[in-house]
Amino acid sequence: MRPLNKTHIDINLGHLAHNYHALREMAPTAEACSAVVKADAYGCGVQQVVERLCHEECQIFFVATYQEGVAVRQINKDIIIYVLEGLTSHQISDYKAHDLRPVINDLASFKDIKTLKMQAALHIDTAMNRLGLSLNDYFTIKDMIDDMVISQDISLLMSHLSVADHISHPLNKQQIEKVQNIAKNHPHAKMSLANSMGVLHHPDTHFDILRPGIALYGGVSHPKLRHIVTLSGQILQIRQIESGDTVGYGATFTAQKPMIIATISGGYADGIPRSLSNTDFAVFYNGYRFPLIGRVSMDSLICDVSDYPQIDQLHQEWVEIFGPHNPLDECAELAHTISYEILTHLSARGERTYIGCASS
């Protein structure tokens with residue numbers, strides 16, 4: 001029996017495994033499919049996610065920070081872990097102690113790696129202007145890279161797509177051509193460019209190592225992918241309001257006729273964007289959609305249940321806020337955000353159930 005006044009989060013690791021293999025099968029020419037598990041595996045729980053993906057024979061993982069790398073290393077001692085933020089010179093011994101591979105983003109770190117014989121990836125920026133060596137910096141060290149690839153000090157050359165979700169954007173072609181030229185310069189190097197949208201929509205980005213993130217977690221609607229996360233809230237109270245009554249903070253909704261409304265557990269403190277307020281968002285229950293009315297509160301939201309034929313049976317029932325009937329990316333679009341943000345903002349106070357753990 002689920003407790004009252006909480007949200008519930010179901011995370012289907014069987015679907016995660018399905019998505020991993022589906023993405024792998026979309027790129028048969030690639031050597032391997034890695035998994036990006038930064039930010040607590042996009043809010044889904046890094047321990048459970050890494051264990052299940054290891055069970056599916058995933059052997060390469062990407063995290064954002066050194067601390068995340070240490071946490072993943074504690075889960076499995078044999079996998080390859082790349083740390084996207086790179087390293088500073090005082091971190092080198094720590095990286096070695098935990099067998100972490102930094103992603104080199106600048107010339108100073110490249111010199112450290114060259115001196116200390118430490119395996120790493122080399123990130124060459126081809127459009128993002130965020131992290132990575134500029135192309136000018138790359139050309140200053142180009143002649144040194146092949147020897148370091150052969151000695152395995154550099155185990156991967158990578159870049160990052162900036163507009164892959166805009167499929168026809170000309171910058172995609174420009175980036176692909178730049179990475180293809182880098183690959184020609186270093187025929188012995190492993191190459192990685194494809195993020196989730198690269199895997200799904202840009203075959204020329206697949207190269208050697210795929211690097212999906214959000215698609216693993218059901219944050220991209222695609223016929224071959226499954227949802228992972230279902231966020232549910234409980235109906236706490238049902239009441240009738242009259243024409244002219246207002247609902248919620250700021251009185252932003254005014255009833256135009258008598259209505260039956262339900263207060264549901266779950267608000268912006270649980271990861272439900274406040275920007276869903278007064279949009280076309282609706283929760284799902286038993287084949288019906290209950291439109292959100294008024295503002296999302298910290299701990300609750302209010303929906304119109306007037307059309308449900310058995311109102312007296314709704315009290316304490318659970319409704320789907322995000323999930324198979326309310327895909328994450330569609331909810332994110334209504335909230336003027338992205339599915340990444342919704343997933344990573346899921347609150348720790350929601351009770352979690354994992355379905356299909358590696359040990360089960």
Begin with the C-alpha distance, continue with both residues' side-chain angles, and end with the deciding distance and a verdict on side chain to side chain contact (heavy atoms under 4.5 Å, CB included) for Thr230 and Glu320. CA-CA 7 Å; Thr230 300; Glu320 178 188 310; 4.1 Å; yes
Evaluate the side chain to side chain contact (heavy atoms under 4.5 Å, CB included) criterion for residues Ile9 and Val229: first the C-alpha distance (whole Å), next the side-chain angles of each, then the deciding distance (0.1 Å), finally the verdict. CA-CA 7 Å; Ile9 304 168; Val229 177; 3.9 Å; yes
Val37 vs Val63, test: side chain to side chain contact (heavy atoms under 4.5 Å, CB included). Steps then yes/no. CA-CA 6 Å; Val37 294; Val63 298; 3.8 Å; yes
After noting the C-alpha distance and the side-chain angles of Leu53 and Phe61, does the key distance pass the side chain to side chain contact (heavy atoms under 4.5 Å, CB included) rule? CA-CA 10 Å; Leu53 289 175; Phe61 293 84; 4.0 Å; yes
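Under the 4.5 Å side-chain contact rule for hydrophobic residues, Met197 and Leu225 share a cluster. Under the 4.5 Å side-chain heavy-atom criterion for grouping Ile, Leu, Val, Met, Phe, Trp and Tyr, Val319 is connected to Ile311 within one hydrophobic cluster. Grouping the Ile, Leu, Val, Met, Phe, Trp and Tyr side chains by contacts below 4.5 angstrom, directly or via other members, places Val72 with Phe62. Clustering ILVMFWY residues whenever any of their side-chain heavy atoms sit less than 4.5 angstrom apart, transitively, puts Ile260 in a cluster other than the one holding Val247. Residues Ile113 and Phe139 share a hydrophobic cluster, clusters being chains of Ile/Leu/Val/Met/Phe/Trp/Tyr side chains in contact below 4.5 Å.
Taking both residues in full, the closest heavy atoms of Ala255 and Met259 are given as CB-SD, 3.7 Å, listed atom of the first, atom of the second, then distance. Smallest separation of non-hydrogen atoms from Leu301 and Cys303: CD1-SG, 3.6 Å. Residue Ile214 comes nearest to Ser196 through the heavy atom pair N-OG, 3.3 Å, listed as atom of the first residue, atom of the second, then distance. When all heavy atoms of Ile11 and Cys44 are compared, the closest pair comes out as CD1-O, 3.3 Å. For the pair Ser339 and Ala332, the tightest heavy-atom approach, listed with the atom from each and the gap, is N-CB, 3.5 Å.
In terms of modelled atom types and a separation under 3.5 Å, the side chain of Gln234 and the main chain of Gln316 share a donor-acceptor contact. Of the possible donor and acceptor atoms, none in the side chain of Glu56 sits under 3.5 Å from a partner among the backbone N and O of His21. Under the 3.5 Å distance criterion, the side-chain polar atoms of Asp270 are left unmatched by any main-chain donor or acceptor of Ile272. Side-chain N or O atoms of Tyr308 include none that pairs as donor or acceptor with a backbone N or O of Asn286 at under 3.5 Å. At distances below 3.5 Å, at least one donor-acceptor pair connects side-chain atoms of Ser275 with backbone N or O atoms of Ala335. A side-chain donor-acceptor contact under 3.5 Å links Asp329 to the backbone of Ser221. Between the side chain of His222 and the backbone N or O of Lys224 there is at least one donor-acceptor pair closer than 3.5 Å. Gln152 places no side-chain N or O within 3.5 Å of a backbone atom of Ile150 that could act as its donor or acceptor partner. Within the 3.5 Å criterion, the main-chain N or O of Gly86 finds a donor-acceptor partner in the side chain of Tyr95. Distance alone, capped at 3.5 Å, places no donor-acceptor pair between the Thr205 side chain and the Leu193 backbone.
For the pair Ile321/Phe281, a side-chain contact is recorded, criterion being any heavy-atom separation below 4.5 Å from C-beta on. Residues Tyr82 and Ile209 are not in side-chain contact: their nearest non-hydrogen atoms beyond the backbone lie 4.5 Å or more apart. The shortest distance between side-chain heavy atoms of Arg352 and Leu346 falls below 4.5 Å. Taking 4.5 Å as the limit, some side-chain heavy atom of Ile145 sits within range of a side-chain heavy atom of Leu157. The shortest distance between side-chain heavy atoms of Ile104 and Leu87 falls below 4.5 Å. You'll find the side chain of Leu131 reaches within 4.5 Å of the side chain of His123, heavy atoms only. Counting heavy atoms from C-beta outward, Ile261 and Thr263 have side chains that stay 4.5 Å or more apart. Inter-residue side-chain proximity for Leu210 and Leu23 is flagged as unmet; no heavy-atom pair is nearer than 4.5 Å.
Using bins of under 30°, 30° to 60° and over 60° for the plane-to-plane angle, the ring pair His186/Tyr138 lands in the perpendicular bin.
A distance of 7.5 Å separates OH in Tyr20 from OG in Ser34, rounded to the nearest 0.5 Å. The distance from atom CE of Met118 to atom OG of Ser155, rounded to the nearest 0.5 Å, is 10.5 Å. Between Ile228 atom CD1 and Leu343 atom CG the span is 9.5 Å, to the nearest 0.5 Å. Interatomic distance, Lys6 NZ to Arg349 CZ, rounded to the nearest 0.5 Å: 9.5 Å. Of the inter-residue distances, the one linking Asp99 atom CG with Arg73 atom CZ reads 4.5 Å to the nearest 0.5 angstrom. Between atom CD of residue Gln47 and atom SG of residue Cys357 there is a gap of 10.0 Å, rounded to the nearest 0.5 Å.
Heavy atoms from other residues, nucleotides or ligands lying under 6.0 Å from CE of Met298 number 12 at most.
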